[in-house]
Structure formats: structure tokens, C-alpha cells
Q: 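Let me begin by handing over the structure; questions about it come next.
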Amino acid sequence: MTVLPDDGLSLAADFPDATREQWQRLVEGVLRKAGKDDVSGAAAEDALATRLQDALVTGPLYAAEDGTGADPGFPGFAPYLRGGRPDGTAATGWDVRQRHTHPDPERANAAVLADLENGATSLWLVTGAAGLAVADLPKALEGVYLDLAPVVLEAGEEFEAAAEALLALYGEREVPGSAAIGNLGADPLGLAARTGRHDRIADHGRAAARLALRCLDAYPGVRTLTVDALPYHEAGGSPAQELGCSLATGVAYLRLLTEAGVPVDAACGQLEFRYAADADQFLTIAKLRAARRLWSRVAEVSGVTPGAGAGAQRQHAVTSPVMMTRRDPWVNMLRTTVACLGAGVGGADAVTVLPFDDAIGLPDAFARRIARNTSTILVEESHLSRVIDPAGGSWYVERLTDELARAAWAWFQEIERAGGQESALRSGLVAERLEATWRERSGRLARRREPITGVSEFPFLAEQPVEREPAVPKPTGGLPRVRRDEAFEELRARSDAHLASTGRRPAVFLAALGPAAAHTTRVTFASNLFQAGGVEPVHDPVTVDAASVAEAFTRSGARVACLCSSDTLYAEQAEAVAAALKSAGAQRVFLAGRPGELRSALESAGVDEFVFAGGDAVAVLSAVIDQLGVA
């Protein structure tokens with residue numbers, strides 16, 4: 001065994017430093033193999049970049065020169081980019097906050113106690129019209145140590161009554177005011193965004209200010225206001241729009257409280273910000289870091305005492321309802337795990353992991369257990385919370401954080417120029433921008449540029465549906481609530497209804513030409529495509545030709561067909577096979593792939609449409625479902 005001398009030299013000392021230009025030349029070689037001969041230099045690097053919302057671009061490579069050059073500060077100090085506390089969540093991990101919406105107080109209480117006994121550290125109770133009756137709050141919290149487990153309320157229109165009930169419960173349970181912890185959940189602007197009712201904003205604001213003054217006097221550990229950004233996320237907003245709306249709302253609440261006589265430092269301490277965490281872990285990390293930096297700037301110009309920690313934003317991250325699917329809901333466990341990881345790395349103080357069946361109805365005990373255990377594994381087994389700001393120093397994360405912060409600040413300034421968040425909601429400015437953003441994203445979803453595993457990619461038509469009790473309807477009338485799966489879910493629901501009424505799903509015959517090596521790739525593509533809309537592919541026999549395709553098609557019972565093979569075999573056989581399918585009664589004939597120079601000949605032979613990666617899958621599937629007469 002050779003022992004290297006400890007002379008302080010790096011083992012890489014004899015190797016020359018690689019340059020960015022050398023890497024770009026390697027990329028050029030790969031692109032040439034893909035048929036892109038005219039791309040070189042920086043353009044080759046840009047060809048591998050990913051376009052995100054808010055005009056953000058993530059590159060394939062980041063080096064020191066790509067950093068922002070700005071001083072990120074230290075954890076627990078302004079601008080709080082690296083965390084709101086010096087020790088981050090290293091001491092105890094983040095607050096595992098589980099959400100409860102069950103309207104039955106006894107069942108809600110059983111779920112609450114199960115969560116607290118098995119890893120949850122705080123409670124988020126939905127009360128009022130969308131959940132538990134306010135009068136049932138004491139019964140739902142029976143057996144809960146209110147000086148140990150923070151209670152966060154979400155009561156909508158009934159927030160004042162719910163707050164009074166919780167404060168009264170502190171007295172009944174003999175919890176000293178100094179030991180009470182939680183959040184009363186007042187959010188007048190968030191409520192208006194949800195319901196479209198702007199006439200009560202002023203009244204709700206005054207009630208929130210009264211509660212804040214009362215908490216400051218008697219319950220110093222209880223916050224009054226939640227700046228909930230979920231209404232904007234759930235309406236299809238981008239990360240920058242979510243951040244900008246939350247900043248504008250936070251500023252409105254600071255004005256409300258300071259005008260009521262609350263010192264600005266104390267006013268900041270009355271706010272908790274709620275953000276969505278989705279399966280793009282890097283964007284989630286950047287969003288939470290950017291949010292703290294932006295709020296630190298707001299606090300600074302508002303006159304918050306420097307160095308006192310009042311400008312540190314208290315963050316509650318919730319796994320995104322928009323990303324949750326109703327089909328193949330088991331995949332939601334993976335989505336929420338990645339989202340929880342992003343929230344933890346991003347520095348969230350509290351994290352709520354929604355159960356995997358949240359989009360279907362009221363979660364069962366198994367789903368709740370998996371949800372709370374997600375945080376437990378990341379904190380206790382993966383030790384994720386032991387490192388303060390683990391993403392800090394990453395050139396990619398620092399650049400993404402900076403660019404997202406700038407985009408959010410620009411949107412925030414536009415809202416302020418429009419008169420603030422209330423005016424922007426009243427005028428429809430917020431709704432219009434969110435709608436435009438969601439329309440653009442819907443196009444990517446329809447084209448499967450943003451894949452949804454188990455829905456638009458790798459769907460499983462034979463899966464047994466997950467049945468759950470229906471949840472209490474959520475408030476409506478304001479901003480919409482969207483989901484990524486909604487277009488495909490509508491198609492799948494039509495397919496289900498057709499299956500129930502006729503005994504079989506709408507079907508497509510896959511006419512595979514040549515050996516498996518020639519057609520497997522496009523057979524797989526076509527199968528995924530049609531199943532995403534609930535159309536069952538029939539691939540029997542494995543391969544056909546012009547002489548056998550008519551009989552095979554008739555035997556399949558399908559009324560539409562799709563040719564699948566290589567470009568070479570298309571040139572040799574596709575025209576004859578397409579003509580045979582039309583003669584056999586095929587109402588529509590598809591071909592998987594781009595036709596190129598063969599388009600005219602193929603169309604003349606009977607091919608009606610070409611399906612390929614990047615095409616509008618929703619439009620294709622809707623047309624097929626309609627043509628097959630599926631109601």
C-alpha cells in the first residue's frame with residue numbers, strides 16, 4: 001500500500017482546471033448526435049436550460065461567476081435569507097403541523113390525539129362553515145395540553161367567534177396567558193380572495209386588530225393574523241405571484257395594526273405567513289428563502305428595530321393542493337415527501353404534509369399516519385434539520401432565490417401602485433394575472449411538457465378507485481381552485497361512466513408494424529397517451545401488416561386506430577395499412593410520430609392525425625372521446 005506524503009498538496013494538483021468552454025464543446029458533441037449541428041458555445045448551454053414560470057431560467061451548469069455576489073448574511077440576522085433563527089430548526093426540527101377538517105367533533109378529537117401522540121407537534125383546525133362547528137371546538141380539543149401543542153385556527157367568516165372560543169378554552173383549562181401558544185387565524189384579505197366578498201374586509205380588519213391588542217396584552221405567545229398565500233397558489237398563481245400577494249397582504253396588515261396603536265415590532269410578531277411547497281424542491285427552497293429576504297426589506301423600511309428579530313418572517317409551509325391528484329393518489333406520497341424536503345431545507349418554521357387522499361375526501365387514519373411520518377423520517381432518520389440552511393452557498397439556489405425575489409418584488413410593487421392588495425382584489429387585477437398564468441401552465445400540462453405521473457404519464461386504467469367520505473365544501477365565490485390533473489380527470493371520469501354503462505372503456509387499436517424493436521417505443525408512447533384520457537389501447541396481435549390489419553381491427557372492437565412503428569417502416573407500409581384500416585371501418589386513424597415529407601401521402605391514404613411528444617394531448621383525447629360518442 002502506498003502512503004501519500006502529507007505535503008499539503010491537493011490530489012488534483014497535477015490536473016489542469018476544466019473551463020466552461022471545454023464543457024460547452026462536449027455539449028455541442030452531444031447536440032450534434034441529436035441533429036443540432038448549428039448550436040455552439042453559449043447557445044449549446046442555453047439549449048439545455050429549463051424555462052420556469054415568472055420568466056425564470058435554470059441553466060444546466062452553475063459556477064462561481066453565476067453567483068449573485070450579494071452577502072447572504074447569517075442565519076437569524078437580517079436579511080434572514082438563511083433562516084429566521086440563528087439555530088434554524090437544528091434543535092428540535094420543524095414544527096410538524098397537521099390539518100384537521102372533520103366536522104364530527106369526536107372523530108376530529110380522535111384524529112387530533114392520534115397525531116399528537118405520534119409525531120405531530122401542533123394542530124391546524126378548520127372550523128366554521130368549512131369544517132368543525134365553532135361550538136364543538138372544546139370537544140375536539142379534549143385531552144390536548146394547550147400549553148404544549150400550539151393550535152392554529154382557520155375559521156373563515158367565523159374567525160372572531162372561533163378566536164373567542166379558543167381564548168375562553170385557555171381560561172377553562174387554566175392555561176396561563178403567558179403559556180398559551182398558537183394563531184387565531186384572522187385573514188380578512190385571504191377570506192375576500194376565497195369568497196369574493198369585499199364588503200366585510202373593513203369589519204374583519206377591525207375585529208382582527210382588537211384581537212391583536214388583546215393578545216399582546218394577555219397572550220403574548222398567540223399570533224392573531226395569518227398571511228395565507230394559498231388562495232393565490234390554488235388559483236394557479238406562479239411562485240412570484242404568490243410571494244408578491246403575500247407581501248402586499250402583510251403590508252396591509254402592518255398598516256392595519258399600527259393604525260390601531262400596535263408598535264411596528266409587535267405588529268410583525270402578530271403575523272404568520274403560509275406558503276405552498278410543491279414537488280419542485282429547488283423552487284420551494286428558493287421561494288421560502290426569497291420570502292424571508294423580501295419581508296426583511298419590508299420590515300426595514302417600516303421602521304422595525306434592527307437586530308431585534310422582529311423582521312424575521314414566521315413561515316408555515318403546506319404541501320401544494322394543486323399538485324395532488326385523484327387518480328393514482330398513492331403517487332401523492334412521493335410528491336408530498338419531496339415538497340416536505342424542500343420546505344424543510346428552505347427553512348420553514350412549520351410544515352403541514354397533506355394526506356395523499358386529500359383531493360378525494362376526508363383522509364383516513366392510514367393517510368394521516370403516512371403524512372405525519374413524512375416529516376418524522378426527514379427530521380429523525382434523514383437528519384435534514386440538523387444543518388442550518390443546507391442549500392446556502394449553492395450557486396444555483398442563490399441565483400434562483402435572487403431572481404425569484406426580484407420577480408416577486410416587481411409584482412408586489414405593481415400591486416402597491418394599484419392601491420394595495422385590497423384594491424387589486426376588488427379591481428380584478430389579481431384574478432386576471434393569475435388566470436393568465438394558469439392558462440399558460442394549462443397549455444404545458446395539456447401538452448405533457450409538465451408531466452403528471454399516474455395521470456398524464458404512466459396512467460393505470462385498471463386501478464381500483466380510492467373511496468373516501470366527502471369533505472365539507474370549501475368556500476367559493478372568489479378566486480378559483482385549480483388542480484394540475486383537472487383536464488385529464490374530466491376525460492377519465494367520462495371513460496368511467498362509459499365503462500359503467502356499457503361494460504367496457506372506449507378503445508383504440510394499436511396497429512404495430514414490424515418487429516418489437518421497431519415499434520415498442522411508439523407503442524409505449526401511444527399507450528400512455530390514450531390511457532391518459534381513459535381510452536384503452538388494444539395491442540393484439542403484437543404486429544400487423546396490410547394483409548392482416550383489417551381482421552385484427554374488426555376483432556378488437558375498437559372504432560379508432562393508431563399506427564406505431566419506426567420512420568423507416570412507415571415509409572414502407574403505413575400508406576397501405578392506413579388504407580386497410582379505413583376500409584375496415586376505422587372512424588379515425590392516428591399515426592404516432594411526426595410525418596415529415598410523408599404527410600401528404602399518409603393523409604391521402606387515410607391517416608387523420610399525427611400524435612407526437614409535445615402535441616396537445618388533451619385536445620386529441622377530447623376529440624377521440626367525443627367521436628366515440630362517450631357522454
Side-chain angles (χ1 to χ4, degrees), residues 95-118 120-173 175 180-188 190-191 194-195 204 207-208 211 219 222-226 228 230-231 234 272 274 316 318 321 350 352-355 357-365 367-369 371-372 468-476 481:
D95 174 10
V96 180
R97 181 176 299 171
Q98 290 310 102
R99 188 170 187 261
H100 294 266
T101 62
H102 205 295
D104 181 270
E106 292 186 0
R107 295 179 65 179
N109 179 250
V112 159
L113 295 178
D115 276 354
L116 291 175
E117 291 167 1
N118 293 281
T121 53
S122 69
L123 304 171
W124 175 10
L125 298 183
V126 179
T127 60
L132 186 76
V134 171
D136 291 329
L137 192 60
K139 185 177 293 185
L141 292 174
E142 191 172 327
V144 175
Y145 294 99
L146 298 177
D147 55 343
L148 297 178
V151 175
V152 175
L153 298 177
E154 180 188 340
E157 295 274 359
E158 301 179 54
F159 78 87
E160 191 172 11
E164 292 291 351
L166 181 59
L167 295 179
L169 198 57
Y170 289 142
E172 293 173 14
R173 303 275 179 88
V175 177
I181 44 180
N183 190 324
L184 303 181
D187 187 14
L191 179 61
R194 291 287 197 198
T195 64
H204 289 157
L211 286 169
Y219 304 95
V222 176
R223 296 172 187 258
T224 304
L225 287 145
T226 297
D228 191 355
L230 290 184
E234 290 186 78
E272 181 175 70
R274 183 177 293 148
H316 172 203
V318 184
T352 296
V353 175
L354 295 179
D357 52 1
D358 181 75
I360 301 171
L362 292 171
D364 66 3
R368 301 195 66 84
R369 179 165 64 90
R372 63 177 179 261
R468 292 290 185 268
E469 293 180 66
V472 178
K474 297 176 180 178
T476 58
R481 295 176 188 262

Q: Dump the intermediate steps for side-chain contact (heavy atoms from CB on, under 4.5 Å) on Val112 and Leu125, then the final yes or no.
A: CA-CA 9 Å; Val112 159; Leu125 298 183; 4.1 Å; yes

Q: Got a donor-acceptor contact below 3.5 angstrom from the Gln98 side chain to the Val353 backbone?
A: yes

Q: Within the structure provided, determine whether Arg481 and Pro475 are in side-chain contact (heavy-atom separation under 4.5 Å).
A: yes

Q: Answer whether the closest heavy-atom distance between the side chains of Thr127 and Glu158 falls below 4.5 Å.
A: no

Q: Is Glu154 salt-bridged to Arg97, going by a charged N under 4.0 Å from an acidic O?
A: no

Q: Hey, what do you get for NZ (Lys474) to OG1 (Thr101), rounding to the nearest 0.5 Å?
A: 8.0 Å

Q: Does the side chain of Val134 come within less than 4.5 Å of Glu160's, by heavy atoms?
A: no

Q: Side chains of Val96 and Asp115, heavy atoms from C-beta outward: is any pair under 4.5 Å?
A: no

Q: Looking only at non-hydrogen atoms, find the nearest pair between Ala367 and Asp357 and report the distance.
A: CB-OD1, 3.2 Å

Q: Could you pull out the closest heavy-atom pair between Pro188 and Ala186, with the gap in Å?
A: CD-C, 3.9 Å

Q: Mind checking the CG-CG spacing from Leu153 to Leu137? Nearest 0.5 Å is all I need.
A: 6.0 Å

Q: Is the backbone of Glu142 close enough, under 3.5 Å, to the side chain of Asn109 for a donor and an acceptor to pair up by distance?
A: yes

Q: Indicate whether any N or O donor in one side chain lies under 3.5 Å from an N or O acceptor in the other, for His316 and Asn183.
A: no

Q: Identify the two heavy atoms, one from Leu362 and one from Pro103, that lie closest to each other, and give their separation to 0.1 Å.
A: CD1-CD, 4.3 Å

Q: Distance from Arg274 atom CZ to Thr226 atom OG1, nearest 0.5 Å?
A: 5.0 Å

Q: Do side-chain atoms of Tyr170 reach the backbone of Ile181 as a donor and acceptor pair under 3.5 angstrom?
A: yes

Q: Which heavy atom of Leu169 sits nearest a heavy atom of Pro138, and at what distance?
A: CD1-CB, 3.8 Å

Q: Could you grab the distance from atom CD of Glu272 to atom CZ of Arg223, nearest 0.5 Å is fine?
A: 6.0 Å

Q: Find the distance between CZ (Arg173) and CG (Leu146) and round it off to the nearest 0.5 Å.
A: 5.0 Å

Q: Does His204 have any ring pair (Phe, Tyr, Trp, His ring centres under 6.0 Å) partners at least two apart in sequence or in another chain, and if so, which?
A: Phe159

Q: Heavy atoms, side chains only, cut-off 4.5 Å: are Leu116 and Leu148 in contact?
A: no

Q: Check the pair His100, Leu123 against side-chain contact (heavy atoms from CB on, under 4.5 Å), reporting the backbone distance first and the verdict last.
A: CA-CA 7 Å; His100 294 266; Leu123 304 171; 4.0 Å; yes

Q: Taking all atoms of both residues into account, what is the closest heavy-atom pair of Leu225 and Ala208, and its distance?
A: CD2-CB, 3.8 Å

Q: Is a donor on one side and an acceptor on the other found under 3.5 Å between the side chain of Arg372 and the backbone of Thr121?
A: no

Q: Which atoms form the tightest heavy-atom contact between Pro231 and Asp228, and what is the distance?
A: CD-O, 3.2 Å

Q: Could you give me the CA-CA distance, side-chain angles and deciding distance for Leu211 and Glu164, then say whether side-chain contact (heavy atoms from CB on, under 4.5 Å) is met?
A: CA-CA 9 Å; Leu211 286 169; Glu164 292 291 351; 4.2 Å; yes

Q: I need the Glu469 CD to His102 NE2 distance, nearest 0.5 Å.
A: 4.5 Å

